[in-house]
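Reminder, nothing fancy here: chain letters follow the sequence lines and each chain counts from 1.
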Protein chains: 2
Amino acid sequence: MKRIADSTVRRLSIYLRFLEGSSQRDLATVSSAELARHGGTTSAQVRKDLSFFGSFGKRGLGYSVPELTNSIRDILGLGREWNVIIVGAGKIGTALAQYHGFRPRGFHVVGVYDTDIGKVGTRWDGIVVRDFSLVTADLASRPVDIAVLAVPAEGAQEAANRLVDAGVKAILNFAPTQLQVPPDVAVRSVNMAMELEGLSYELSSRAR
Amino acid sequence: MKRIADSTVRRLSIYLRFLEGSSQRDLATVSSAELARHGGTTSAQVRKDLSFFGSFGKRGLGYSVPELTNSIRDILGLGREWNVIIVGAGKIGTALAQYHGFRPRGFHVVGVYDTDIGKVGTRWDGIVVRDFSLVTADLASRPVDIAVLAVPAEGAQEAANRLVDAGVKAILNFAPTQLQVPPDVAVRSVNMAMELEGLSYELSSRAR
DNA sequence: CCTACTTTGTGAATACTTTCACAAGCCCCG
DNA sequence: CGGGGCTTGTGAAAGTATTCACAAAGTAGG
């Protein structure tokens with residue numbers, strides 16, 4: 001299958017978010033122009049994005065909201081449950097563990113880990129923080145699809161190594177570090193410093 | 001001045017992060033190949049990225065770590081202090097307000113806001129949470145460069161509108177919504193759901 | 001000072017993404 | 001049931017970004 005651009009996948013996510021809102025507002029169909037307006041792109045882009053995966057609309061009418069919603073969920077692999085663990089029970093890890101946007105999208109938080117003995121054993125929302133050194137054994141009995149890495153920059157690479165050894169195939173990295181992982185492991189990074197610097201650049205370059 | 005690609009700016013951020021680490025390790029010079037290896041790209045890419053802004057290296061030798069660090073800081077507009085406010089004192093807002101990566105990079109958190117009266121008046125790290133309805137008046141007397149938006153999706157657009165009216169020119173959006181703002185306002189979004197869905201897509205498409 | 005070696009800076013080539021533009025298909029109404 | 005009006009799906013064109021490849025410029029060592 002042809003490789004799909006990252007930018008296309010991100011936009012599908014955006015369309016999906018809008019569609020979920022639309023179904024609550026009882027809209028039956030939506031046009032590529034409407035999707036574009038709310039997704040910050042063009043109607044041609046919307047149609048091209050979808051065309052990589054098939055043909056979902058009706059000419060003259062647009063897209064059925066429930067049908068397109070399901071199709072995009074399918075494309076993104078959201079038709080199943082994904083097991084997720086959170087590594088690092090600091091401020092960000094804590095906020096993430098309590099974030100209620102995981103469940104409804106099929107991401108199931110099955111564990112929280114930390115190396116700090118002081119944090120191990122505390123619990124939020126029914127999830128007990130476990131010692132990170134147990135992660136390899138835990139994952140051997142219950143496989144996990146995605147690990148969310150919320151540890152300080154210094155420990156991030158080492159933690160990632162251990163997760164990869166334990167069989168994790170996808171990491172969402174919140175540490176401000178560029179992780180080195182084998183090619184069969186997917187990594188996405190969320191880097192506050194990078195985003196702020198991007199804004200700083202835009203503000204500075206506009207002043208010129 | 002020619003428009004610089006977003007991807008280039010992001011990579012500059014990555015190079016900068018590596019350079020900051022290198023100077024601690026007392027490295028005097030660094031080659032484009034080394035920067036590439038740690039930044040997950042190629043040496044030609046590194047050189048091309050830098051070439052948009054000038055000529056910073058010495059042929060046969062590489063780049064001086066302190067000099068290149070300063071040059072990139074300059075390019076990114078980090079040679080000054082930026083005033084930042086955080087809007088939304090929920091879990092994510094709280095975690096961000098206490099994040100200690102802001103200061104050393106010149107981002108100065110000068111205020112935290114929320115609409116919830118129960119939260120107004122509480123304080124962390126010496127910053128008192130203020131009523132969001134005061135933000136327009138506050139910004140009139142003390143301008144702010146960047147607003148970090150950490151409110152639920154439902155209120156995000158409305159909050160953004162008010163910030164734009166109050167003169168904010170850059171928003172870092174943590175709400176899972178596509179904000180509509182005037183073209184002279186810079187927006188970057190950090191969207192957990194989108195990143196998780198991206199990983200979900202990669203995991204699913206690989207299985208094929 | 002000369003030779004061998006390294007690494008930058010950059011046009012040109014390639015690869016990838018987005019936009020254009022329009023035929024084809026579908027709905028609706030008379 | 002046929003024509004007008006929309007909107008999709010998609011090749012082709014335009015626009016961006018990345019990679020290649022090599023001359024130019026520097027270092028190092030005798």
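- More than 12 heavy atoms of other residues, nucleotides or ligands shown are found within 6.0 angstrom of CD on B:Gln180.
- For DNA chain C, the contact window with chain B, defined by any atom under 4.0 Å from a protein heavy atom, covers C:dT6 to C:dA12 in 5' to 3' order.
- Of the charged side-chain nitrogens involved, at least one lies within less than 4.0 Å of a carboxylate oxygen, so that A:Arg206 and A:Glu202 count as a salt-bridged pair.
- With rounding to the nearest 0.5 Å, the separation of OH in B:Tyr113 from OG in B:Ser133 is 10.0 Å.
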Side-chain donor-acceptor distances from residues 1-9 of chain A under 3.5 Å, at least two apart:
residue: A:Asp6; atom: OD2; partner: A:Arg10; partner atom: NH1; Å: 3.1
residue: A:Thr8; atom: OG1; partner: A:Asp49; partner atom: OD1; Å: 3.3

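- At the phosphate of D:dC6, neither OP1 nor OP2 sits under 4.0 Å from any side-chain N or O atom of A:Tyr63.
- Both A:Thr41 and B:Lys48 lie close to DNA chain C; mapped to their nearest nucleotides by heavy-atom distance, the more 5′-ward contact belongs to B:Lys48.
- B:Ser200 places a side-chain N or O within 3.5 Å of a backbone atom of A:Gly77 that can act as its donor or acceptor partner.
- Residue contacts for A:Ser32: at a heavy-atom cut-off of 4.0 Å it reaches the sugar-phosphate backbone alone, with no base atom in range.
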Can I get a per-line list of side-chain donor-acceptor pairs under 3.5 Å for residues 144-154 of chain B, giving both atom names and the distance, sequence neighbours left out?
residue: B:Asp145; atom: OD2; partner: B:Arg80; partner atom: NH2; Å: 3.4
residue: B:Asp145; atom: OD2; partner: B:Asn83; partner atom: N; Å: 2.7

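- Atom CD in A:Gln45 sits roughly 13 Å away from atom C1' in D:dT16 (whole-Å rounding).
- In this structure, the CG atom of A:Leu50 is 16 Å from the P atom of D:dT7, given to the nearest Å.
- Pairs passing the side chain to side chain donor-acceptor pair (under 3.5 Å) check and including a residue from residues 27-42 of chain A, sequence neighbours excluded, read A:Ser32-A:Arg47.
- Taking 4.5 Å as the limit, every side-chain heavy atom of B:Trp82 sits out of range of all side-chain heavy atoms of A:Leu199.
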Which letter, B, S or -, goes with each nucleotide of nucleotides 24-30 of chain D from 5' to 3', with contact meaning a protein heavy atom under 4.0 Å?
BBS----
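- For the contact set between residues 6-18 of chain A and DNA chain C, defined by any heavy atom under 4.0 Å, the members are A:Ser7, A:Arg11.
- Where A:Lys2 and B:Ser31 each meet DNA chain C at their nearest nucleotide, the meeting point lying more 5' is that of B:Ser31.
- Electrostatic pairing of A:Glu67 and A:Lys58 does not count as a salt bridge here, judged by no charged N lying under 4.0 Å from a carboxylate O.
- We find that CZ of A:Arg47 is positioned 15 Å from P of D:dC6, with the value rounded to whole Å.
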Determine, stepwise, if the pair A:Leu16 / A:Glu20 fulfils side-chain contact (heavy atoms from CB on, under 4.5 Å).
CA-CA 6 Å; A:Leu16 178 57; A:Glu20 286 170 347; 3.9 Å; yes
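- Tested against A:Glu197, the residues B:Arg17, B:Arg11, B:Arg188 include a single salt bridge (Lys or Arg N to Asp or Glu O under 4.0 Å) partner, B:Arg17.
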